[in-house]
Amino acid sequence: MPAISTVLSSKFCSKPAIFVSKTLTCFSSAVLRAISSSLISLSEDNSVRVKVGGGGGGLGAAGIPPPPATTASAEGSPLGVACTAQTMLKNMADTTPSALYEFNSSTTSPERVEGISVAPLLVKGLIMGTIIVAAVLGNALVITSVVRHRKLRIITNYYVVSLAMADLLVALCAMTFNASVELTGGVWMFGPFMCDVWNSLDVYFSTASILHLCCISVDRYYAIVRPLQYPITMTHRTVSLMLANVWTLPALISFTPIFLGWYTTAEHEKYRQLHPEECSFVVNNYYAIVSSCISFWIPGVVMVTMYYR
């Protein structure tokens, strides 16, 4: 035991600089490795988690080489510790989120990407296509039935045919564009002008469909509550005038304010110019109040009143 203690004391006491240098080097290496692991794990690409450290001399979890082992020089000077820390910081700086993303993109197999994204895309496309086709065929069947059968050509069915036409146009002109946006992950591929066209058609035909329901409720009110006055009130002229208003009034809150830019805010207009690949419908307070009253509140109150009485 005295011999061992003598050897250890002579070894460490004869060269205290080497002992201090090794201690500082190990401590700084551990701290920098912990910081590097924390920074990389908080990168933008959440699918990449890199654990820097450990031996082996190979690649890390994301294919990034670990920092070199920190060994002191023969002299063990403090300059060696500073050089080692500078080298490790350089390696940390090179491990940027973009580099991680490039590595992840290059090493991800196409089969796995297709297996993850294509299958839900096909299912979503099949469901949306089925809904659109069912809406088109169902409303076309209603129109064809009234046109082909003379006994169905009554005044009440005029509203039904007009409503079926509005719903058919919603499926063709609004739902198709919506399906394309959903299937492309929110990307609009038709330009700013067609974006305004799509929003206008969506608001126009949807409002027309709701107003048709309002007219049908008024027609049913007179047919059931006042059957004697129904033939006098609901004439061909009255029905034609109501349907004309139903198809004209929605244009005042769709094409006119949308193409003139009255419907949205100045911030959204600037955002649209900078992001033409997006087609979002952001409205201001005035347009929201007017359009909601015409499209929802007024027809809703009329329908509830008519059916209640």
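What you are looking at is a predicted structure, and each value in this text was computed from that prediction instead of being measured.
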Notebook entry, point to check: Taking only residues at least two apart or on different chains, which pairs with a member in residues 278-309 satisfy ring-ring contact (aromatic ring centres under 6.0 Å, His included)?
Noted result: Tyr263-Phe281
Note to self: For a quick test of reading the model, state the closest non-hydrogen atom pair linking Met234 to Val218 and the distance between them.
What the structure shows: CE-CG1, 4.0 Å
Item checked: Over all atoms of both residues, closest heavy-atom pair of Leu141 and Ser145 -> O-OG, 2.7 Å
Item checked: Asn139 side-chain N/O to Ala135 backbone N/O, donor-acceptor pair under 3.5 Å -> yes
Notebook entry, point to check: Do Leu172 and Leu183 sit in the same hydrophobic cluster, where Ile, Leu, Val, Met, Phe, Trp and Tyr count as joined when their side-chain heavy atoms come under 4.5 Å apart?
Noted result: no
Check: Within the side chain of Asn157, is there an N or O that forms a donor-acceptor pair under 3.5 Å with the backbone of Val146?
Finding: no
Note to self: Tell me if a side-chain donor or acceptor on Thr184 pairs with a main-chain N or O of Ser180 at a distance below 3.5 Å.
What the structure shows: yes
Checklist line | Backbone N/O of Cys195 and side chain of Asn199: donor-acceptor pair under 3.5 Å | finding: yes
Margin query: Quick one, Ser280 with His268, criterion side-chain contact (heavy atoms from CB on, under 4.5 Å). Give me CA distance, side-chain angles, the key distance, then yes/no.
Written below: CA-CA 9 Å; Ser280 56; His268 182 63; 3.0 Å; yes
Next item on the list: Name all residues meeting the salt bridge (Lys or Arg N to Asp or Glu O under 4.0 Å) criterion together with Asp202; count only those two or more places apart in sequence or in a different chain, and write none if there are none.
Entry: none
Notebook entry, point to check: When clusters are formed by joining ILVMFWY residues with side-chain heavy atoms under 4.5 Å apart, either directly or through shared neighbours, do Tyr158 and Val160 land in the same one?
Noted result: no
Checklist line | Beyond-backbone contact of Glu269 with Thr265, side-chain heavy atoms, under 4.5 angstrom | finding: no
Next item on the list: Compute the ring centroids of Trp198 and Phe190, then answer whether they are less than 6.0 Å apart.
Entry: no
Check: When clusters are formed by joining ILVMFWY residues with side-chain heavy atoms under 4.5 Å apart, either directly or through shared neighbours, do Met175 and Met128 land in the same one?
Finding: no
Next item on the list: Give a yes or no answer on whether the side chain of Ser295 reaches the backbone of Ser292 with a donor-acceptor pair at less than 3.5 Å.
Entry: no
Notebook entry, point to check: Do Arg272 and Asp196 have side-chain heavy atoms sitting under 4.5 Å apart?
Noted result: yes
Notebook entry, point to check: Would you say Thr305's side chain and Val301's backbone share a donor-acceptor pair under 3.5 angstrom?
Noted result: yes
Contacts under 3.5 angstrom, residues 239-247 side chains, donor-acceptor by atom type, not counting sequence neighbours:
{"unit_1": "Ser240", "atom_1": "OG", "unit_2": "His236", "atom_2": "O", "d": "2.7"}
{"unit_1": "Asn245", "atom_1": "ND2", "unit_2": "Leu241", "atom_2": "O", "d": "3.2"}
{"unit_1": "Trp247", "atom_1": "NE1", "unit_2": "Ser162", "atom_2": "OG", "d": "2.8"}

Margin query: Working note: Thr156 + Arg220, criterion side-chain hydrogen bond (donor to acceptor under 3.5 Å, both in side chains); need CA distance, chi angles, decisive distance, verdict.
Written below: CA-CA 8 Å; Thr156 302; Arg220 292 298 86 202; 2.9 Å; yes
Note to self: Using the rule given for side-chain contact (heavy atoms from CB on, under 4.5 Å), can you reason through Val133 versus Val136, listing the C-alpha separation, both sets of side-chain angles and the distance that settles it, and then say yes or no?
What the structure shows: CA-CA 5 Å; Val133 172; Val136 172; 5.8 Å; no
Note to self: Between Phe193 and Phe259, is the ring pair (Phe, Tyr, Trp, His ring centres under 6.0 Å) condition met? List the steps.
What the structure shows: CA-CA 9 Å; Phe193 177 78; Phe259 276 95; 5.8 Å; yes
Margin query: Show the nearest heavy-atom pair for residues Glu278 and Tyr271, with the distance to one decimal.
Written below: OE1-OH, 2.7 Å
Next item on the list: May I ask you to decide if Val147's main-chain N or O and Arg153's side chain share a donor-acceptor pair within less than 3.5 Å?
Entry: yes
Next item on the list: Start with the C-alpha distance between Val203 and Ser291, add both sets of side-chain angles, then the distance that settles side-chain contact (heavy atoms from CB on, under 4.5 Å), and finish with yes or no.
Entry: CA-CA 9 Å; Val203 174; Ser291 62; 5.8 Å; no
Margin query: The test is side-chain contact (heavy atoms from CB on, under 4.5 Å); show your working for Lys124 and Glu182 and say whether it passes.
Written below: CA-CA 8 Å; Lys124 185 186 292 187; Glu182 292 294 332; 4.3 Å; yes
Note to self: Rounded to the nearest 0.5 Å, what separates atom CD1 in Ile289 from atom CG in Asn284?
What the structure shows: 9.0 Å
Check: Any link between Met303 and Tyr221 through a network of hydrophobic side chains (Ile, Leu, Val, Met, Phe, Trp, Tyr) touching at under 4.5 Å?
Finding: yes
Margin query: Within this structure, what is the CD1-CG distance for the pair Ile294 and Leu211, rounded to the nearest 0.5 Å?
Written below: 8.5 Å
Notebook entry, point to check: Between Ser200 and Ser254, which heavy-atom pair has the shortest distance, and what is it?
Noted result: O-CB, 3.5 Å
Item checked: side-chain hydrogen bond (donor to acceptor under 3.5 Å, both in side chains) evaluation trace for Ser206 with Ser209 -> CA-CA 5 Å; Ser206 300; Ser209 179; over 6 Å; no
Next item on the list: Check for a donor-acceptor pair, side chain of Thr233 on one end and backbone N or O of Tyr230 on the other, with a separation under 3.5 Å.
Entry: no
Check: Which heavy atom of Thr264 sits nearest a heavy atom of Val282, and at what distance?
Finding: OG1-O, 2.8 Å
Notebook entry, point to check: Which pair of heavy atoms, one from Leu126 and one from Thr130, lies closest together, and at what distance?
Noted result: O-OG1, 2.7 Å
